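A short worksheet on the structure shown next.
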Amino acid sequence: MDNASLQNLLKRLCKVMWEANITNPITYVTQISFLIFLKMLEEMETERGGENPIFQKTSIDGEQVDFSRLRWSTLTSDPDNGRMLAALRDLLPRLTRHPGLSIAARALFEDAAIVIPDGATLRRAVDIISPVHFLSEDADVKGDLFEILVNDLGSQKKAAQFRTPRHLIRVIVEMVNPQIGETMCDSAGGTGGFAIAVYEHILLANTSPEFVREVPAPHGQTVKRGLGDKLTPAQWKFLQNGTIHLFEGDKDIIRMAAMNAVLHGFDHSPIVRRDGIGGSEDKWDEVQFDCIVENPPFSGASQSPKRSLRVGKGDKYVLFLAAAIRSLRQGGRAGIVLPSGILFGDTTAHIEVKKRLLGECELQAVVTLPNGIFEPYTPTPTCFLIFKKTGHPTKKVWFYNVIGDGSSLKKARKFGPKFRNDFPDLLAKWPKRKTEEDRAWIVPVETIIGNGYDMSLHSLGLIEPEKVEHADPEDILEKIVKTQKQALKILEETRKLVRDWRREYKRLLETVPTRPLGSCGKVYGGGTPSKDNTSYWSGNIPWITAKEMWNHEIHDSQLKISEEALKESTAKLIPANSVLFVVRGSILFKRVPVAINRVPCTINQDMKAIVPHDYILADYLAHMMWGSNEELKGLVGTAGNNAGKLETAKWAAVEIPVPETKEEQLRIIASLDVLNKKHAELLRFHLDAEAELAAFTPALLAKAFRGEL
């Protein structure tokens, strides 16, 4: 199967998910990952000749669980689509405790939830996957398969937290140069990009020349890959089991890292869900590594950093740098991508960590990167640091300024030989720290300290301060006018869609039977386990409160309760794809928050949940409740402490039209989604116009000071 065939396969799978209204990229990538890996598990079991079977009766926490129904061939041969979906929903989450699975495989299924809405959708998906035999595919092809999937996450705003350009990763790993026998850690692991690069780097370094091959990489580039034929059996075992350590706090993202570990062959390595910089200490805070390569989050601050970091409150990326210094063993090396704020930042935390970096380590290289290298995810200026834990102060630092990375550096990234690429020159100069005017310099550490620990190139006098070029005020006004014309066009299209939707809704009310909200599903109330019992609050079951109902989809919660709390309190486990809404609180005077839980959860007593009956989709029910929000808000009364209260007798009687077929419900949802997209377009035009207006006054003043007005 070539790359084009892979893309076609995944496009078809994504289309199945989209048509079932699973449109959140993280959600549908996760669902596809579950299915692909389940298919691979049977292939692995067959390849072992039945040795150590996964799909059999297995003891899980003292209970005999029959996993045979999950065997791909058994599961997909069931002619009853609903029964197939029920088996998947029931058994898949239990794989996280299966003793026969690797560490990464168990991580993949932790808190797993199947949100595929119906058996027919599942049947379409498995029919696409079934003809493919994944184990017979080349390792590079399998790696590409997931890389293509992960690319879809670009539409997520938080993609910048984990989506590091792969060509940048390879440069950093080559400069750090991990060796066989060394341990590596990425404590902000994302989907595993650095882990894969380290694994492939070590394989290549231990491959005979005749077995080295060049394979296509994204954007028309090629990379060298090796088989690791020079590795001894003991070295192979260490590479697959003990070399790589990956930590990630987001459960959805760590699933993708786990899938990557399986596809690339290091799935017995520790893939751990944990916060690398915040909260209480754990055993991993005491472990030191030979190599650390990572790209921490660019934004946000940690309110409760780990004590072992010896830093007060500060930006997350500063704390990750402190964690790397702490977690490197003597002689260990690190390569870390950071916002350029680390170079000139002068907060207490910034200065403290830079003092430690220069005092306890040899800061070997500061490489500044071009603006745009992280587009389209973020325009934040970035750099990366290479350093070695020596226990002695730094004497001099090599600086290199990358102007181009071989791409257009625009939101629509284009790669090719016509674009400047400084990475080959960087790697050529790196071993001997060669200097070149306007590109590479050696700076004594005394200069940096005397500069107040400011390591920005212009502050050190290495380059001229960047001149701000203001557009002509008339050009800015012309652009604003053009933007407004486009916005008016979109506005008119939106008005037409709204008129069409009003007619559609009127038709629904006249021709489609209505049902009271309370009859559309089983209603659950909420409960709060005792806060005095700490064991109740040490589990992994999400406990949702009204404060977390700001989004239309719920994937996780700040607080979690245990199985013990579930058994011994009034809290009830609510199945995934139910409709949650607030019935008590001051927020009700503004709106009635409604959301769909994409994972099983519990709720507090200020909320209710409707588990929809089979005839109505959760997404349709939620859309109708969003649409009926004004009516629901009008039913809100006053409770104690000036809080609003929505009584069951009132909200349950609100009538909504319910088409008989789910296909018709999906069509209605789709038409509403078109309206939402138009709204998003209008918002983008509005923000663009605001940005142009903000630039108008400085441009006007600049022209005035030059005497050009």
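Note that the coordinates shown come from a computational prediction; the quantities given were computed from them, not determined experimentally.
- Using a 30° and 60° split on the angle between ring planes, His245 and Trp284 fall in the perpendicular class, above 60°.
- Proximity of a side-chain donor or acceptor of Thr435 to a complementary backbone N or O of Ala440 within less than 3.5 Å is not detected.
- Lys316 places no side-chain N or O within 3.5 Å of a backbone atom of Pro297 that could act as its donor or acceptor partner.
- The aromatic rings of Trp430 and Trp398 sit tilted relative to each other, their planes meeting at an angle between 30° and 60°.
- A donor-acceptor pair under 3.5 Å is formed between the side chain of Thr207 and the backbone N or O of Gly228.
- Ile172 and Val293 make their closest contact through CG2-CG1, 4.2 Å (heavy atoms, listed as atom of the first residue, atom of the second, distance).
- Legend: residues meeting side-chain contact (heavy atoms from CB on, under 4.5 Å) with Ala324, ordered by chain and number and at least two apart, are Ile292, Glu294, Ile336, Phe387.
- Under the 3.5 Å distance criterion, the side-chain polar atoms of Ser269 are matched with a main-chain donor or acceptor of Phe266.
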Give the intermediate values and the outcome of side-chain contact (heavy atoms from CB on, under 4.5 Å) for residues Tyr400 and Asp425. CA-CA 10 Å; Tyr400 189 99; Asp425 183 71; 2.5 Å; yes

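- At a threshold of 4.5 Å between non-hydrogen side-chain atoms, the residues Val262 and Leu108 do not count as touching.
- Taking each heavy atom of Phe238 and Thr183 in turn, the nearest pair found is CZ-CG2, 3.9 Å.
- Summarising the geometry of Leu204 relative to Arg225, their closest heavy-atom pair is CD1-C, 3.8 Å, with the distance given to 0.1 Å.
- Summarising the geometry of Val445 relative to Thr394, their closest heavy-atom pair is CG1-O, 3.1 Å, with the distance given to 0.1 Å.
- Side-chain contact between Leu357 and Leu385 is present, with at least one heavy-atom pair separated by less than 4.5 Å.
- Checked by atom type and distance alone, the side chain of Ser208 never pairs as donor or acceptor with a backbone atom of Glu210 at under 3.5 Å.
- The closest side-chain heavy-atom distance from Leu338 to Pro296 is below 4.5 Å.
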Walk me through it: do Arg326 and Ser308 pass the test side chain to side chain donor-acceptor pair (under 3.5 Å)? CA-CA 8 Å; Arg326 177 207 61 188; Ser308 60; 2.6 Å; yes

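- You'll find the side chain of Val353 stays beyond 4.5 Å of the side chain of Leu319, heavy atoms only.
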Applying side-chain contact (heavy atoms from CB on, under 4.5 Å), run through Arg433 and Gln364 and close with a yes or a no. CA-CA 9 Å; Arg433 317 297 196 265; Gln364 298 176 323; 3.8 Å; yes

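- Minimum heavy-atom separation, Ala323 to Gly276: CB-O, 4.4 Å.
- Arg439 has its side chain within reach of Asp422: a pair of non-hydrogen atoms, C-beta onward, lies under 4.5 Å apart.
- The line from NZ of Lys414 to CG of Leu409 is 13.0 Å long, rounded to the nearest 0.5 Å.
- The number of heavy atoms from other shown groups lying within 6.0 Å of CD (Glu214) is above 12.
- Here Arg310 pairs with Glu360 in a salt bridge; the nearest charged N to carboxylate O distance falls below 4.0 Å.
- Shown here are the salt bridge (charged side-chain N to carboxylate O under 4.0 Å, His left out) partners of Glu174, two or more places apart in sequence or in another chain: there are none.
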Working for side-chain contact (heavy atoms from CB on, under 4.5 Å), residues Phe423 and Asp405: CA-CA 6 Å; Phe423 283 153; Asp405 72 334; 3.7 Å; yes

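- To the nearest 0.5 Å, the span separating CG on Leu427 from NZ on Lys429 amounts to 11.0 Å.
- Looking at Arg274 and Asp285, a side-chain N of the basic residue comes within less than 4.0 Å of a carboxylate O on the acidic one, giving a salt bridge.
- Residue Ile463 holds its CD1 atom at 6.0 Å from CH2 of Trp441, rounded to the nearest 0.5 Å.
- With Arg356 contributing its side chain and Ala322 its backbone, the two residues share no donor-acceptor pair below 3.5 Å.
- The line from CZ of Phe194 to CD1 of Ile196 is 11.5 Å long, rounded to the nearest 0.5 Å.
- In the displayed structure, Glu478 atom CD is contacted under 6.0 Å by at most 12 heavy atoms of other residues, nucleotides or ligands.
- In this structure a side-chain-to-backbone donor-acceptor pair under 3.5 Å is missing from Asn451 to Thr447.
- Taken to the nearest 0.5 Å, the CG atom of Asn260 stands 11.5 Å off from the CG atom of Asp267.
- A donor-acceptor pair is defined here as one N or O able to donate and one able to accept, closer than 3.5 Å; such a pair exists between the side chain of Arg166 and the backbone of Thr164.
- Contact of the Ile277 side chain with the Pro305 side chain is not registered, since no non-hydrogen atoms from C-beta on lie closer than 4.5 Å.
- Using a 4.5 Å cut-off on side-chain heavy atoms (C-beta onward), Glu248 and Met256 make no contact.
- With hydrogens and angles ignored, the 3.5 Å screen pairs no side-chain donor or acceptor of Gln288 with any backbone N or O of Ser327.
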Show your working on side-chain contact (heavy atoms from CB on, under 4.5 Å) between His167 and Val223 and close with a plain yes or no. CA-CA 9 Å; His167 60 303; Val223 295; over 6 Å; no

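- Residue Leu246 comes nearest to Ala257 through the heavy atom pair CD2-CB, 3.8 Å, listed as atom of the first residue, atom of the second, then distance.
- Going from atom CE of Met455 over to atom CG of Leu457 covers 10.5 Å, rounded to the nearest 0.5 Å.
- Counting heavy atoms from C-beta outward, Leu239 and Asn206 have side chains that stay 4.5 Å or more apart.
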Identify each donor-acceptor pair in which a side-chain atom of residues 341-348 lies under 3.5 Å from a protein atom, sequence neighbours left out, and give them as a table.
from: Thr347; atom 1: OG1; to: His350; atom 2: N; distance (Å): 3.1
from: Thr347; atom 1: OG1; to: His350; atom 2: ND1; distance (Å): 2.6

